[in-house]
Protein chains: 2
Amino acid sequence: MSEHPLLAPIERSRLSKQITVQLCRMIGQGQLQPGDRLPPERELAELLGVSRSSLREALHVLEMAGIVTIRQGGGTFVRELAGDGLLSPLLLMLDVRGDLVGDLLEVRIMFEPETAARAAQRATAEDLAELERNIAAQGRLVAAGQPGDGWLALDRQFHVAIARASHNEVAVRVTGFITEMLQDVQRHFVASDERMQHAFARHQQILLAVNESEPQRARATMLEHLREVERFVLCEVAAEGRG
Amino acid sequence: MSEHPLLAPIERSRLSKQITVQLCRMIGQGQLQPGDRLPPERELAELLGVSRSSLREALHVLEMAGIVTIRQGGGTFVRELAGDGLLSPLLLMLDVRGDLVGDLLEVRIMFEPETAARAAQRATAEDLAELERNIAAQGRLVAAGQPGDGWLALDRQFHVAIARASHNEVAVRVTGFITEMLQDVQRHFVASDERMQHAFARHQQILLAVNESEPQRARATMLEHLREVERFVLCEVAAEGRG
DNA sequence: ACCGTCGATTGGTCAGACCATCAGGCAACT
DNA sequence: AGTTGCCTGATGGTCTGACCAATCGACGGT
């Protein structure tokens, strides 16, 4: 009986929470555009009638939520929501629970094939152009035989671009999360030339299916690709664990 | 040529960021268990050799990330990771972009049927017992004809329980996110008796499929259910927009 | 045994100071 | 004239210490 359905939803809101919400609303209503620079902390604090400490707590929460970027000596800026570099509040979870990598990979397998299918239905010419550029860049790295951080970045970019082609912004964000977290894991070991070539081939097949508007094939190919990636990553993680 | 492969990846870390990571690690290594109470801010600040301000910024970020709960006058506690009430850094996004509800519903449709399928493969006796209890509670509300916040909570709890039966903790978290955000949206309008009865019937069908270990049927039924929910919610949102 | 009061504990907010970093202008050097 | 280097102001980062507000628990009265 600790909860009464009617009474007591009393939201005693911390000041910093209110500030957080208010700044979000301002961004939502277009009073603050992505890329805009916020007033300096001291000034903004005075405008809002709060102390700098409270304001700073709110700003840090917003940064963690990926809404703003804070640069010392530079200022605080509203972040591009659709941008590639997205944050990860969940990223912290991987520090908390390293055993979640397997679960994360499975969630990816549940999710991204559906995204690819929708991308095949909805991709515009611009989406396809972006994917083509990405694939071309991948091709250059493959030809040069250079796996590494550059390859990882392009790989991630490809998957996010597929999500973007699905024209579902939440999907873009979720894909950004997942790939960012997994990229962090994969950074520890370098993929072989062979792995890179195989992944590149899969990426080409996926793009082809999207380009030809074949959702089923896009979904199936993405599924196969991700299962291969899963097997590889889990092997490496296990090997690292033994090492 | 802005990137040199060797030099200059220098990561200059804010103190509050370091604190955030360190606390996460402590939780990950079991030095802090879920449910544990952290030392008081003043004490913890001294232990870490930082000021209370920096520590507070870190704690607030951790709260936003769902790692801890802060209660004025009570203390700061490590949160149950698998717990029901998880927060959402993404929740702020709905303030920023109200038009994302449709995208969110679609992501749910991509994701939860897969979760249900895996639940049908992996659910244990305890999982089923929890689902049974939840369905029974739903039945009581349906019999009493009481849609409202209580129903919404049980509805959400059902979907999260399905995710839990899939034995994928990341999936539990993602489902928690999505349902929490949507619950926030749905709170604005009350479901009809009829809607509740229909959803209840679907829930029963899903549980049946899970209970009989039939992944395909679980997936299909969940998909159908979520499409119905999507249609309903989008209608209501549109109506609200016009009102 | 129950309940209200009060005090200690703990988080919430504030104000002011100083440090670290960055951007841009200015001056000296080549 | 162009480049380099430094200086300065702006801005975020950190620290200190104080006081407010909510909570919890012990104490004493009923």
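Predicted model only: the values in this text are computed from it and were never measured.
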Query raised in the report: In whole angstrom, what separates B/E46's CD from D/dC15's P?
Result: 13 Å

Report summary line: When rounded to whole Å, the CZ to P distance for the pair A/R42 and C/dA17 reads 12 Å

Query raised in the report: Is a side-chain donor-acceptor pair under 3.5 Å present for B/D127 with B/H167?
Result: yes

Query raised in the report: Within the pair B/S54 and D/dG13, is there a side-chain N or O less than 4.0 Å away from OP1 or OP2?
Result: no

Requested in this report: Rounded to the nearest angstrom, tell me the gap between atom CZ in B/F77 and atom C1' in C/dT9.
Outcome: 12 Å

Query raised in the report: So which nucleotide from C/dT21, C/dT13, C/dG12 ends up closest to the side chain of A/L15?
Result: C/dT13

Query raised in the report: Given atom CD1 of B/I70 and atom C1' of D/dA22, what is their separation to the nearest angstrom?
Result: 14 Å

Query - From A/V50, A/L48, A/T20, residue fulfilling side-chain contact (heavy atoms from CB on, under 4.5 Å) relative to A/L15 - result: A/V50

Query raised in the report: If every non-hydrogen atom of B/M196 is compared with every non-hydrogen atom of B/L141, which pair is closest and at what distance?
Result: CE-O, 3.9 Å

Report summary line: By nearest-nucleotide position on DNA chain C, the 5'-leaning member of A/L55 and A/G73 is A/L55

**Report entry** Interatomic distance where CZ belongs to B/R56 and P belongs to C/dT10 [whole Å]
**Finding:** 15 Å

Query - N/O donor-acceptor pair, side chain B/R52 with base C/dG12, under 3.5 angstrom - result: yes

Report summary line: Atom CD of B/E57 and atom P of D/dG13 are separated, to the nearest Å, by 8 Å

Report task. Find the distance B/L38:CG to C/dT9:P and express it as a whole number of Å. Result -> 19 Å

Report task. Working to the nearest 0.5 Å, report the span between CZ of A/R52 and CD of A/E43. Result -> 12.5 Å

**Report entry** Between C1' of C/dG12 and CD1 of A/I19, the distance in whole Å
**Finding:** 11 Å

Query - Side-chain donor-acceptor contact under 3.5 Å, B/E130 with B/N134 - result: no

Report task. Verify the contact: side-chain N or O of A/S51 to OP1 or OP2 of C/dT13, cut-off strictly under 4.0 Å; return yes or no. Result -> no

Query - Closest nucleotide among D/dC15, D/dG12, C/dC14 to the A/V50 side chain - result: C/dC14

Report task. Scan A/S53 against the nucleic acid and name what it touches under 4.0 Å (heavy atoms): base, sugar-phosphate only, or nothing. Result -> base

Query raised in the report: Any N or O donor-acceptor pair linking the side chain of A/R71 to the base of D/dG12 at under 3.5 Å?
Result: no

